[in-house]
J.: 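The structure is given below, and queries will be raised subsequently.
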Amino acid sequence: MSTSASNPVRTAIVGLGWWGKKMATLVHAGGAEMRFVHAVDPNPDARSFAADLGIRFSSDLASALADPDVEAVVLATPHSLHQEQIAQAVAAGKHVFCEKPLAMTRSDAEASVALCRDAGLVLGMGHERRFEPPIAEILEHAAAGRLGRLLQIEANFSHDKFLSLDASNWRLNATQAPAGGMTATGIHLTDLSVKLMGAAADVRVACENLASQIPQGDTMSAHIRFKSGGSAYVSATLATPFVSRFAVFGTLGWIEVRDKAHVEAPDGWIVTEGWKGQSITMREVAPAEPVRDNLRAFARAVRGVEIYPISGEEMIENIALLEAIVKSAGIGQVERL
Ligand SMILES: NC(=O)c1ccc[n+]([C@@H]2O[C@H](COP(=O)([O-])OP(=O)(O)OC[C@H]3O[C@@H](n4cnc5c(N)ncnc54)[C@H](O)[C@@H]3O)[C@@H](O)[C@H]2O)c1
């Protein structure tokens, strides 16, 4: 069988903005087991970036989907386009790696997951935090029961990168990016929370505008309760310097992971652990490239080498939680799922 290592997945990168360029640069450097052969962006300024990488360039997705050399697409486009672009790619028989969020509502997420599944196409998601080595360790410890019964999660992923954006930027559109930093960063934390704790039961959100003109608010926190018991406190602020902290607490141990830098330029992690009957320890974890490793997992799934680790059910439950968070942010009351 040809593997993605010997036969990289020929892929179109759709959207060459901040994140599309980051992924294109990583893929070009190698190791993702995919190759970008076509780039799409309606902004003509992106053409020279594609030319520098030696890949074909189109201003519309249809041209890339008509390219017989393209097996898959990576969508790094504004959120409101994801649903329609997934449908277009699936209709053309292409595998899809979609940047987060998959959708804004449970029903739209269900529709995209079903489209890919029914067509036998792989759906990947830009939740690279799962591929950060210390976070992957947490997931393994939890799956093996080593943390005992999981009780609580505390997590914060915030930055102030958007404060300098022009007011017309889609990132500052309350419809496309509602509830403070929820679709920018918080969505990664709810993905991990749902992975660890299962489906959410209800959520109460506080979303305020404390230090900016950002229309969706700049500071949000969500208190989530899960159907299986346990809770998560997740916060995502758009007005404080970068911080990324994820902590999970179980009856046998707890682990806290802090990123030393934003994942656009990883600089390693600081991990603090407390295990029952043992002293608390702290260690550093060397830098890795989780964005590349997520793309590689997708490529391997396309080649049938391994199953993509983020399931459609997890994607749907995370978007159902996002939908409830947005509703609760609007009314300031508990929203049931
Ligand atoms: N996984 C992560 O950690 C991470 C980090 C940053 C952004 N993202 C995600 O990446 C996506 C893009 O975000 P960004 O910050 O790069 O935004 P951006 O605005 O910098 O880039 C979006 C690009 O899409 C292009 N575009 C617009 N309409 C298009 C269309 N119809 N077809 C093709 N391209 C089109 C724009 O011209 C722009 O170049 C979002 O889903 C965002 O949430 C993920």
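What you see is a predicted model, and the numbers here were worked out from it, not measured in a lab.
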J.: Given 3.5 Å as the limit, does a donor-acceptor pair link the side chain of D108 with the main chain of A103, or not?
T.: no
J.: Compare all side-chain heavy atoms of L163 with those of L238 and state whether any distance is below 4.5 angstrom.
T.: no
J.: Can you tell whether the side chains of E71 and R10 come within less than 4.0 Å, N to carboxylate O?
T.: yes
J.: Using the rule that two of Ile, Leu, Val, Met, Phe, Trp, Tyr join whenever any of their side-chain heavy atoms come within less than 4.5 Å, decide whether W19 and L75 are in one cluster.
T.: yes
J.: Restricting to non-hydrogen atoms, name the atom on L147 and the atom on V248 that form the minimum distance, rounded to 0.1 Å.
T.: CD1-CG1, 4.1 Å
J.: Are any of the side-chain heavy atoms of L121 and V96 separated by less than 4.5 Å?
T.: no
J.: Side chains of I255 and T272: closer than 4.5 Å at any heavy-atom pair?
T.: no
J.: In the structure I gave you, are the side-chain heavy atoms of P266 and P290 within less than 4.5 Å of one another anywhere?
T.: yes
J.: Taking all non-hydrogen atoms of both residues into account, name the closest pair between T183 and P178 and its distance.
T.: CG2-CD, 4.0 Å
J.: Examine distances only and state if a side-chain atom of S231 and a backbone atom of H223 form a donor-acceptor pair shorter than 3.5 Å.
T.: no
J.: Verify the cluster assignment for L337 and L189: are they in a single hydrophobic cluster under the rule of side-chain heavy atoms below 4.5 Å apart?
T.: yes
J.: Looking at CG of D191 and CD1 of I310, how far apart are the two atoms once the value is rounded to the nearest 0.5 Å?
T.: 5.5 Å
J.: Which pair of heavy atoms, one from A297 and one from F131, lies closest together, and at what distance?
T.: CB-CE2, 3.7 Å
J.: With rounding to the nearest 0.5 Å, note down the distance linking CD in E289 to CZ in R296.
T.: 10.5 Å
J.: Would you compute the distance between atom CG of L322 and atom NZ of K100 and round it to the nearest 0.5 angstrom?
T.: 10.5 Å
J.: Which residue in the set E317, E323, E313 passes salt bridge (charged side-chain N to carboxylate O under 4.0 Å, His left out) when paired with R106?
T.: E317
J.: Examine V334 and V326 and state if one hydrophobic cluster contains both, with Ile, Leu, Val, Met, Phe, Trp and Tyr joined whenever side-chain heavy atoms are less than 4.5 Å apart.
T.: no
J.: Run through L65, L81, V74, V73 and flag the one making a side chain to side chain contact (heavy atoms under 4.5 Å, CB included) with V14.
T.: V73
J.: Would you say CD of Q278 has more than 12 non-hydrogen atoms from neighbouring residues, nucleotides or ligands within 6.0 angstrom?
T.: yes
J.: Is there a chain of hydrophobic side chains (I, L, V, M, F, W, Y, each step under 4.5 Å between heavy atoms) that links V243 to F246?
T.: no
J.: Going by ring-ring contact (aromatic ring centres under 6.0 Å, His included), name the residues that satisfy it together with W275, two or more places apart in sequence or in a different chain.
T.: H141
J.: Looking at E264 and K161, is any side-chain nitrogen of the basic one under 4.0 Å from a carboxylate oxygen of the acidic one?
T.: yes
J.: Does H38 have any ring-ring contact (aromatic ring centres under 6.0 Å, His included) partners at least two apart in sequence or in another chain, and if so, which?
T.: none
J.: The criterion is ring-ring contact (aromatic ring centres under 6.0 Å, His included); which residues satisfy it with F226, sequence neighbours excluded?
T.: none
J.: Would you say the side-chain atoms of D45 and S48 include a donor-acceptor pair closer than 3.5 Å?
T.: no
J.: Give a yes or no on whether a salt bridge exists between E33 and R300, defined as a side-chain N under 4.0 angstrom from a carboxylate O.
T.: yes
J.: What I'd like to find out is whether the side chain of I135 reaches to under 4.5 Å of the side chain of L192, using heavy atoms alone.
T.: yes
J.: Would you name the heavy atoms of I55 and A39 that are closest together and state the gap between them?
T.: CD1-CB, 3.9 Å
J.: I need the T185 OG1 to F162 CZ distance, nearest 0.5 Å.
T.: 8.0 Å
J.: Do the non-hydrogen side-chain atoms of H188 and E128 ever get within less than 4.5 Å of each other?
T.: yes
J.: Given side chains that start at C-beta, do those of I316 and I319 come closer than 4.5 Å, heavy atoms only?
T.: no
J.: Examine V257 and F249 and state if one hydrophobic cluster contains both, with Ile, Leu, Val, Met, Phe, Trp and Tyr joined whenever side-chain heavy atoms are less than 4.5 Å apart.
T.: no
J.: Quick check: does any side chain N or O of N173 sit under 3.5 Å from a backbone N or O of Q176, one acting as donor and the other as acceptor?
T.: yes
J.: Quick check for you: to the nearest 0.5 Å, what is the distance between D41 atom CG and L61 atom CG?
T.: 11.5 Å
J.: Check for a donor-acceptor pair, side chain of N294 on one end and backbone N or O of M125 on the other, with a separation under 3.5 Å.
T.: yes
J.: Once side chain to side chain donor-acceptor pair (under 3.5 Å) is applied, what residue pairs with a partner in residues 233-255 remain, sequence neighbours excluded?
T.: R129-S244, E154-R245, N156-S235, S244-D259, R245-E256
J.: Not counting sequence neighbours, list each pair that qualifies as a side chain to side chain donor-acceptor pair (under 3.5 Å) and has a residue in residues 326-337.
T.: D202-R336
J.: Any side-chain heavy atom of M197 within less than 4.5 Å of one from I153?
T.: yes
J.: Give the C-alpha distance, both sets of side-chain angles, the deciding distance and a yes or no for side chain to side chain contact (heavy atoms under 4.5 Å, CB included) between V9 and R303.
T.: CA-CA 8 Å; V9 175; R303 286 283 176 263; 3.9 Å; yes
J.: Give me the atom names and distance for the closest heavy-atom approach of G186 to V234.
T.: O-CG1, 4.2 Å
J.: Of all residues at least two apart in sequence or in a different chain, which pass the ring-ring contact (aromatic ring centres under 6.0 Å, His included) check with H82?
T.: H79
J.: Just do the salt bridge (charged side-chain N to carboxylate O under 4.0 Å, His left out) check on E140 and K195 with the steps written out, would you?
T.: CA-CA 11 Å; E140 280 171 27; K195 172 70 182 167; over 6 Å; no
J.: Heavy-atom count check: over 12 atoms from other residues, nucleotides or ligands less than 6.0 Å from I307 CD1?
T.: no
J.: Check whether any side-chain N or O of D267 sits under 3.5 Å from a backbone N or O of A261 as a donor-acceptor pair, and report yes or no.
T.: no
J.: Do other residues, nucleotides or ligands put more than 12 heavy atoms under 6.0 Å from the NZ atom of K260?
T.: yes
J.: Between Q85 and T77, do the side chains contain an N or O donor and an N or O acceptor separated by less than 3.5 Å?
T.: yes
J.: Under the criterion salt bridge (charged side-chain N to carboxylate O under 4.0 Å, His left out), I'd like the reasoning laid out for R130 against E314: C-alpha separation, chi angles, the key distance, then a yes or no.
T.: CA-CA 12 Å; R130 292 200 189 201; E314 289 163 0; 3.0 Å; yes
J.: How long is the gap from CD on Q216 to CD1 on I214, to the nearest 0.5 Å?
T.: 6.0 Å
J.: State, to 0.1 Å, how close L123 and Y308 come at their nearest heavy-atom pair, and which atoms those are.
T.: O-CD2, 3.6 Å
J.: Show the numbers, then the answer: is there a side chain to side chain contact (heavy atoms under 4.5 Å, CB included) between M23 and I13?
T.: CA-CA 8 Å; M23 290 194 283; I13 174 73; 4.3 Å; yes
J.: Cut-off 3.5 Å, side chains only: do D60 and S58 have a donor facing an acceptor?
T.: no
J.: Start with the C-alpha distance between W269 and E132, add both sets of side-chain angles, then the distance that settles side chain to side chain donor-acceptor pair (under 3.5 Å), and finish with yes or no.
T.: CA-CA 9 Å; W269 294 268; E132 294 178 7; 3.0 Å; yes
J.: Would N7 and S4 count as a side chain to side chain donor-acceptor pair (under 3.5 Å) if you check the C-alpha gap in whole Å, the side-chain angles of each, and the deciding distance to 0.1 Å?
T.: CA-CA 5 Å; N7 181 19; S4 47; over 6 Å; no
